[in-house]
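Labels below follow one simple rule: chain letters A, B, ... track the order of the sequence lines, proteins then strands, and each chain is numbered from 1.
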Number of protein chains: 2
Amino acid sequence: MAIPAQKHDVFQAIADPTRRHLLQLLGDQEMPVTVISSHFPMSRTAVSKHLRILAEAGLVKERKVGRETRYRLEAEPLMELKRWLSYYERYWENKLNVLKRFVEQDDDAAELKFTPLEVVDPE
Amino acid sequence: MAIPAQKHDVFQAIADPTRRHLLQLLGDQEMPVTVISSHFPMSRTAVSKHLRILAEAGLVKERKVGRETRYRLEAEPLMELKRWLSYYERYWENKLNVLKRFVEQDDDAAELKFTPLEVVDPE
DNA sequence: ATTATATGAAACCATTTGGTTTCGTGTCAA
DNA sequence: TTGACACGAAACCAAATGGTTTCATATAAT
């Protein structure tokens with residue numbers, strides 16, 4: 001029972017803007033390749049390759065219907081991303097906390113309105 | 001006032017495992033390049049290039065201290081990722097809702113324990 | 001039976017990526 | 001002042017990436 005040796009992971013899959021566009025498009029409904037590719041300024045074959053990369057990352061599922069292959073979004077693998085992100089939330093939450101304390105202690109904080117994150121930079 | 005023409009965005013920056021490792025390492029404390037690169041099985045120059053890509057995406061900040069350049073994590077740009085992700089949360093939340101309804105209506109749902117997401121697939 | 005449609009596979013190509021080694025320069029230490 | 005250290009820049013390279021065109025095959029329609 002070897003690990004599938006997944007060539008493309010979720011991080012790589014979403015790195016490309018075309019593939020992010022694909023995910024958005026496929027969220028609404030299942031669609032065959034020709035219809036999908038009509039939304040992009042590149043060949044059907046190129047879109048097909050992007051779809052394969054998304055499929056390898058588990059982000060889309062395909063289903064054969066007659067002579068067409070329909071694709072649909074499979075959002076579940078994005079949970080890995082969410083988990084990864086959650087680790088870093090504490091860092092920007094820290095920043096907001098620092099800001100909050102600063103504002104609470106300083107009446108003359110009006111200028112913070114426009115560049116709060118810069119101003120509270122610990123550096 | 002042209003847009004900075006940012007060559008690398010956050011999605012690309014985090015696509016590489018080495019760069020994700022760098023972010024994790026720099027979360028705890030500011031560190032100079034030599035120290036950072038001692039944690040990686042590649043040349044200092046290679047690590048330096050990864051740091052530049054992270055800097056272009058705004059994910060690290062650098063500070064010159066004597067002859068060294070120290071880097072630190074800057075988590076704020078990850079909020080863009082969070083916003084992007086939040087759009088897709090409804091998709092897996094939908095799945096969980098479907099599962100929930102299914103479980104509530106069906107007493108014989110024991111087998112769901114191991115592959116709930118597959119079983120509730122709308123297909 | 002023949003033709004048209006939907007798709008994937010394969011070969012190919014230019015550019016980007018992730019790494020290397022070498023060299024130059026600024027800064028600290030003896 | 002003479003090394004040693006920290007670093008970036010540059011030149012280089014192999015492999016991956018994102019695209020193309022062409023061809024083969026399965027299914028649908030006439």
Side-chain angles (χ1 to χ4, degrees), chain A residues 4-26 29-74 123, chain B residues 4-26 29-74 123:
Chain A
Q6 204 181 9
K7 195 181 172 194
H8 292 96
D9 65 17
V10 177
F11 290 93
Q12 285 172 263
I14 66 163
D16 184 273
T18 299
R19 288 195 289 268
R20 292 199 297 278
H21 189 175
L22 277 167
L23 293 182
Q24 190 194 322
L25 189 64
L26 294 175
Q29 54 184 330
E30 185 184 67
M31 278 169 45
V33 178
T34 304
V35 174
I36 296 170
S37 74
S38 72
H39 290 76
F40 295 83
M42 67 186 70
S43 72
R44 171 187 54 79
T45 314
V47 170
S48 218
K49 286 208 236 171
H50 281 301
L51 285 169
R52 178 121 41 91
I53 289 171
L54 289 173
E56 280 174 12
L59 287 167
V60 299
K61 293 298 179 198
E62 42 177 278
R63 180 171 70 109
K64 295 295 281 290
V65 175
R67 59 184 161 182
E68 51 186 35
T69 309
R70 298 186 187 162
Y71 287 85
R72 64 171 203 282
L73 175 67
E74 179 66 43
E123 209 44 58
Chain B
Q6 203 182 13
K7 195 181 169 194
H8 291 96
D9 65 17
V10 177
F11 290 93
Q12 286 172 263
I14 66 163
D16 184 273
T18 299
R19 288 195 289 269
R20 292 198 297 277
H21 189 175
L22 277 168
L23 292 181
Q24 190 193 323
L25 188 64
L26 294 175
Q29 54 184 331
E30 185 183 68
M31 277 169 45
V33 177
T34 305
V35 174
I36 296 171
S37 74
S38 72
H39 290 77
F40 295 83
M42 66 186 70
S43 72
R44 171 187 53 82
T45 315
V47 171
S48 218
K49 286 209 234 169
H50 281 301
L51 286 169
R52 177 124 41 90
I53 290 171
L54 290 172
E56 281 174 10
L59 286 167
V60 298
K61 293 297 179 199
E62 42 178 278
R63 180 171 69 110
K64 297 295 281 291
V65 176
R67 59 183 161 183
E68 51 187 35
T69 308
R70 299 187 187 163
Y71 287 85
R72 65 171 203 282
L73 175 68
E74 180 65 43
E123 208 44 60

Next item on the list: Please tell me which of A:V47 and B:K49 maps to the more 5' nucleotide of DNA chain D, matching each residue to the nucleotide holding its nearest heavy atom.
Entry: B:K49

Notebook entry, point to check: Between which nucleotides of DNA chain C, read 5' to 3', does contact with chain B run, using atoms under 4.0 Å from its heavy atoms?
Noted result: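 Span of nucleotides near chain B: C:dT17 to C:dC28.
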
If I take atom [atom1] in residue [X] and atom [atom2] in nucleotide [N], what distance separates them, rounded to the nearest angstrom?
| X | N | atom1 | atom2 | value |
| --- | --- | --- | --- | --- |
| B:E56 | D:dG8 | CD | C1' | 14 Å |
| A:R52 | D:dT17 | CZ | C1' | 14 Å |
| A:L22 | D:dG19 | CG | C1' | 14 Å |

Need one value for [X]: base, sugar-phosphate or nothing, where a base atom within 4.0 Å counts as base even if backbone is also close, heavy atoms only.
| X | result |
| --- | --- |
| B:R70 | nothing |
| B:Y71 | sugar-phosphate |
| A:S43 | base |

Indicate yes or no for a side-chain donor-acceptor contact from [X] to the backbone of [Y] under 3.5 Å, with no hydrogens or angles considered.
| X | Y | result |
| --- | --- | --- |
| A:R20 | A:A15 | yes |
| A:R19 | A:Q12 | yes |
| A:R44 | A:S37 | no |

Checklist line | Under 4.0 Å protein heavy-atom contact, by nucleotide of nucleotides 22-30 of chain D - B base, S sugar-phosphate only | finding: -----BS--

Note to self: Please pick, from D:dC7, D:dT17, D:dG18, the nucleotide with the shortest atom-to-atom distance to any side-chain atom of A:Q12.
What the structure shows: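 Of all the options, the side chain of A:Q12 is nearest to D:dT17.
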
Item checked: Salt-bridge present (B:E74, B:K61; N to O < 4.0 Å) ->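 Looking at B:E74 and B:K61, the cut-off is not met.
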
